[in-house]
Amino acid sequence: MQLKAKACVPGVAALLAVVLTGCSGGSGSGDGSDDSKPGDSGSANAPAQPGKYRTLPEPCGEVDEDTLDSMLPGIPEMTDPEQREKAYEGTPTVTYDTDRRVGCNWKIESTGASHHLLIDFERVVSYDGSVSDDARAAEVYATKLREAGLSRPSDAPTAGTESAKSTESTKGGASESPDKDDKGEGEKAGAEPQGGKNARFLDGTATSEPATPPPGLEPRTLSDLGDEAFLDDVLTTATSASRHRTVTVVFRTSNVIVTIEYDEQPGRRTDVPDSKEMQDKAQDLADSLAGEFDE
């Protein structure tokens, strides 16, 4: 009997080891986040890396008063201090998820023109475990670039290029896609008017008048701004309204895409908004915002 009892001891120990192994294998880390990517923890291939940025800045506080005075000259013209302070604050863009997208609008009338400024921050998250957030953001940026009638320079760096290419032909649930309603007042919407991308609808009428910016100021990609960037410049004219120029700067830094839209509409039809001046101001603001992400 004593020998039989000794033989049972290893069996009990082995059973106990199996039970303990099963319990430890089923435990989780408990520190996951909403941005975690799906994937089998036991697979040999680790999920793609999450993006660098997990939060977004408060957009209405990102533009300093000196910049607003320059881009929106109607603000320093205000004589009422309370009205001027309110104008500096801007109006937050309505979005469905402020963890993924935020924006701010300023629309100011001055003695000679009306100006509108929109800034938009979009944090892109990939829900495909094989595609990184940066690669998915690069895809979203590429779509915006094509919509502006531009293409990437052949030597432009892209995040996760091969991973992005592998998913271009697949549709469905890779990431949150920006809603058109979240864009604010400066959003380009609807079908492209006759005359191409440098024409715009205004009061239901598209212009046939040439609207190309002066040489050297055409829509183009930009270097030394984020990971990749471009500038668009559109002048709209119509028989019933004044000329209206919109300068747009879009740049990507890791998994965040920043959009700046700067509009000017003079009070007189004979006045044409200065393309170089507007582009310089929009690019200066873009440089400032990009610097905030680098800190």
Side-chain angles (χ1 to χ4, degrees), residues 63 66-77 87 90-91 93 103-120 144-150 180 183-222 225 229-251 257-289:
V63 187
D66 288 342
T67 299
L68 291 173
D69 285 346
S70 174
M71 301 184 78
L72 309 169
I75 294 182
E77 292 178 2
T91 303
T93 303
C104 193
N105 286 278
W106 294 263
K107 188 171 184 179
I108 306 295
E109 302 284 340
S110 67
T111 54
S114 64
H115 296 83
H116 172 238
L117 174 64
L118 164 71
I119 60 173
D120 179 269
K144 295 177 180 290
L145 190 67
R146 288 193 299 268
E147 289 174 349
L150 298 170
K180 293 294 183 183
K183 291 286 188 176
E185 296 177 19
E187 173 62 18
K188 301 176 184 177
E192 183 179 74
Q194 293 180 356
K197 70 181 184 65
N198 284 326
R200 281 281 187 95
F201 282 115
L202 189 64
D203 297 331
T205 305
T207 178
S208 59
E209 182 178 331
T212 304
L217 298 175
E218 300 92 343
R220 61 197 181 276
T221 57
L222 302 173
L225 178 59
F230 71 87
L231 180 148
D232 196 11
D233 187 325
V234 177
L235 178 66
T236 303
T237 62
T239 56
S240 60
S242 62
R243 292 168 172 82
H244 173 251
R245 185 180 297 281
T246 301
V247 172
T248 304
V249 176
V250 178
F251 69 88
I257 296 175
V258 180
T259 300
I260 298 168
E261 289 188 356
Y262 181 39
D263 304 342
E264 179 179 331
Q265 182 168 339
R268 296 185 300 177
R269 174 169 169 72
T270 54
D271 293 341
V272 179
D274 185 270
S275 185
K276 185 179 187 307
E277 180 181 3
M278 292 184 66
Q279 289 190 21
D280 287 346
K281 290 179 179 180
Q283 288 188 78
D284 286 345
L285 175 56
D287 288 336
S288 175
L289 295 178

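Note: hydrogens, waters and symmetry copies are ignored here, and every other heavy atom, side chains too, is used.
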Heavy-atom pair with the smallest gap, counting every atom of Pro266 and Ala113: CA-CB, 3.6 Å
Worked check of side chain to side chain contact (heavy atoms under 4.5 Å, CB included) between Thr67 and Asp284: CA-CA 9 Å; Thr67 299; Asp284 286 345; over 6 Å; no
side-chain hydrogen bond (donor to acceptor under 3.5 Å, both in side chains) partners for Gln283, two or more places apart: none
Considering all heavy atoms, the nearest Ala148-Phe230 contact: CB-CE1, 3.7 Å
With Asp280 via salt bridge (Lys or Arg N to Asp or Glu O under 4.0 Å) - residues at least two apart: Lys276
Main-chain N/O of Leu217 paired to Gln279 side chain as donor or acceptor, under 3.5 Å: yes
Intermediate values then yes/no, side chain to side chain contact (heavy atoms under 4.5 Å, CB included), Leu68 and Leu117: CA-CA 9 Å; Leu68 291 173; Leu117 174 64; 3.9 Å; yes
side-chain hydrogen bond (donor to acceptor under 3.5 Å, both in side chains) against Ser110, all qualifying residues, sequence neighbours excluded: none
Value rounded to 0.5 Å, distance of OG1 in Thr248 from CG in Asp120: 11.5 Å
Arg268 CZ to Arg243 CZ distance, which is reported to the nearest 0.5 Å: 12.0 Å
Main-chain N/O of Met278 paired with Glu264 side-chain donor or acceptor, under 3.5 Å: no
Set of residues satisfying side chain to side chain contact (heavy atoms under 4.5 Å, CB included) with respect to Thr91, sequence neighbours excluded: none
Reference residue Phe251; test side-chain contact (heavy atoms from CB on, under 4.5 Å); the match among Leu231, Leu289, Thr259, Asp287: Leu289
Closest heavy-atom pair and its distance - Ala286, Val249: CB-CG1, 3.8 Å
Atom of Ala87, atom of Ile108 and distance for their closest heavy-atom approach: CB-CD1, 3.9 Å
Whether Tyr262 side chain and Lys281 backbone form a donor-acceptor pair below 3.5 Å: no
Side chain to side chain contact (heavy atoms under 4.5 Å, CB included) partners for Ser114, two or more places apart: Glu109, Gln265
Distance, nearest 0.5 Å, that separates CD1 of Ile257 from NZ of Lys144: 6.0 Å
Heavy-atom pair with the smallest gap, counting every atom of Leu150 and Thr221: CD1-N, 4.4 Å
From CZ (Arg245) to CG (Asp274), nearest 0.5 Å: 7.5 Å
Validation row: Leu118, Thr93 side chains within 4.5 angstrom (heavy atoms): yes
Residues which pass salt bridge (Lys or Arg N to Asp or Glu O under 4.0 Å) with Glu218, listed by chain and number, not counting sequence neighbours: none
Distance (rounded to the nearest 0.5 Å) between His115 NE2 and Leu72 CG: 7.5 Å
Straight-line distance of His244 NE2 to Thr246 OG1, nearest 0.5 Å: 4.0 Å
